[in-house]
Amino acid sequence: MSDKPILRYTLGREERLKSRKKISALFAAGKVIPLPPFRLLYQIHPELPALQMGVAVSTRNFKKAVDRNRIKRLIREAYRLQKNELKNSLEQQQRGLSLFIIYTGKALPDYALVFEKTGKLLDALMKKTNEIPQ
RNA sequence: GAUGAUCGGCAGACUGUCGCUUCCUGAAAGGGAGGAGGAAAGUCCGGACAGCAUAGAGCAACGCACCCUGUGACAAGCGGGGGAUUGAUUCUUUCUUGGAAUCAAUACAGAAAGUGCCACAGAAAAUUACCGCCCGCCCCAUCGGGGCGGGCAAGGGUGAAAACGUGAGGUAAGGGCUCACGGUCGCAAUGGUAACAUUGUUGACGGGUAAACCUUGUGUGCUGAAAUGCCAUGUAAACUGUCGCUUGAGAACUGCUCGUUCAAUGACAGAGGGUAGGCAGAUUGAUCCCGGCGUGCAAAUGACGGGACAGAUAAAUGACGGUCGGCAGAUUUUGAAAAAGAUUUGUCAACAGAAUCCGGCUUAUUGUAGAUCAUUCAUA
RNA sequence: CGGGACGUGGCGCAGCCCGGUAGCGCACUUGUAUGGGGUGCAAGGGGUCGCUAGUUCGAAUCUAGUCGUCCCGA
């Protein structure tokens, strides 16, 4: 039996970005990785809640609340299944990261596309965090 | 049976893996139970609830408009019953007019308080007079024509609309001038809770428009969950200016005025600083559904019995599969055909996502069980 | 959650309050001046007044409903 805990694909309350202050800071000073039809905003900080994320879809592109909800759920689902590698890396380095995924496309995406693009975004983010020194 | 219209119910079911959220349980790990709609939408109305004074007065502003009644509901909305008007169908009657029944629709107070407007056409769009009809006088003079003064509103023509309508009498010609029938309004009586109806009438005859201003009646105090109360964090009972300290600055969330109340470790403004988190409000309430009983013409309602009801807050209710079932297509077997069975593929819908709650209205919309009505076909 | 504004030729706007003729600028077409173009001059075409009902003799205008676009409020 290993001491390592069983890897769980969770996305609970403490893993989501909920503070109004942090979101304002992220939008004011965060860096951007564009990958159409997505944009990723991120900001590295030394505090420990290792990884917190948020999702947004513009009302301008999707007038109906049903469509916005669906896109946000798809993004969260794809993120939930792929974020553990990044999280472990950050915990080893003892630093935190806030990130915000914005969907900028105008058509409803399907799950396969969202999954693939989210994976690429997280890979890119891994490289950036490793490049930036503590 | 088919087609169409209206009403109106449901919103595929069960399940695996990985997740989200609320509650319960547990020391913890974990376990258990619940988790979007008929419109959750638009925000077009009305409330509940909260604060401001116990919510006051007048003006202004805004809403509403046949009557009775039910609903949390005075008014509005919605439901029930009734009235009036309009339209359709059927029946009745001597053709019409009219009467009766059924169904449907109605933003159904007032144009006889006042003001405005009614293009073009037309003489005139509301104190009318172009062609015209009639009377008197004068002139030319053959019937007749012209001018002046006066009376008239029938006929012509215009228009969406023409001065109660039709007929008769009367008249110089005409005119509700008079009469008959009819219409509208007023008044009175009778019936009805009332809207209204019926009858009578030495009474009147005034075109339309109030979704033009307006008048009458009636309702509304204002603000709005970012309301409101509490806790936490933090500074500053600091600074500047103006006014005031009981003869009172100012405040009481209102467009104005008044009244009332509060008001002195003061009030307002400026600049500057802090927070932008949590709890309550807030999810079971005038709630909804079912049952028989009582009341009521009905809508509805009373007590009783049973059942149901999410609570997020950068915002949960999801992702990927499986089985059954429905629908559509293809292949194949049986069969003369209709049809039935098997295999397989696709699809599971449309409109759409709670944000304090409730009621109404409006709009969007898939498939299907059902009810009613109309048309048509078949059989008896 | 709560307020507010606007839809009129291809584009930007007026007309709406107080109802009868839809107009302005740019653009477009034709002609003309020029060797050709720009430019000037002259003439012309083009509008379901967002949509659906209603009021009225008559609606871009008044009323109701609806669709769309945009803005504001800690």
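Please read all numbers here as calculations on a predicted model, not as lab measurements. Proteins come first, then strands; the chains are lettered A, B, ... in the order of their sequence lines, and each starts at number 1. FYI, side chains are in, hydrogens and waters are out, and symmetry mates aren't considered; it's all heavy atoms of this structure.
Note on A/R70: only backbone sugar-phosphate atoms sit closer than 4.0 angstrom, heavy atoms only; bases stay farther off. Within the 4.0 angstrom heavy-atom criterion, no nucleotide atom of any strand lies near A/K72. Looking at heavy-atom distances under 4.0 Å, A/I23 makes contact with a base.
Judged by Watson-Crick or G-U wobble contacts below 3.5 Å, the nucleotide B/rG136 has B/rC148 as its partner.
Listed by chain and residue number, A/P34, A/R39, A/L41 satisfy the side chain to side chain contact (heavy atoms under 4.5 Å, CB included) test with A/V32 (two or more places apart in sequence, or in another chain).
A side chain to side chain donor-acceptor pair (under 3.5 Å) check over residues 66-79 of chain A, counting only residues at least two apart or in different chains, returns the pairs A/E77-A/R80.
Within the structure, every side-chain polar atom (N or O) of A/R13 is placed at least 4.0 Å from both OP1 and OP2 of B/rA315. Distances shorter than 4.0 Å separate some side-chain N or O of A/K18 from OP1 or OP2 on B/rU313. Applying the 4.0 Å criterion to OP1 and OP2 of B/rA316, one finds that A/R76 has a side-chain N or O inside that range.
Stem list for RNA chain C (at least 3 consecutive Watson-Crick or G-U pairs, distances under 3.5 Å): C:1-7 with C:67-73, C:10-13 with C:23-26, C:28-33 with C:39-44, C:50-54 with C:62-66.
Put simply, the side chain of A/R80 and the base of B/rC20 share no donor and acceptor less than 3.5 Å apart.
If you check B/rA314, B/rA315, B/rU317 against the side chain of A/R16, the one that comes closest is B/rA315.
Of the charged side-chain nitrogens involved, none lies within less than 4.0 Å of a carboxylate oxygen, so that A/K127 and A/E131 do not count as a salt-bridged pair.
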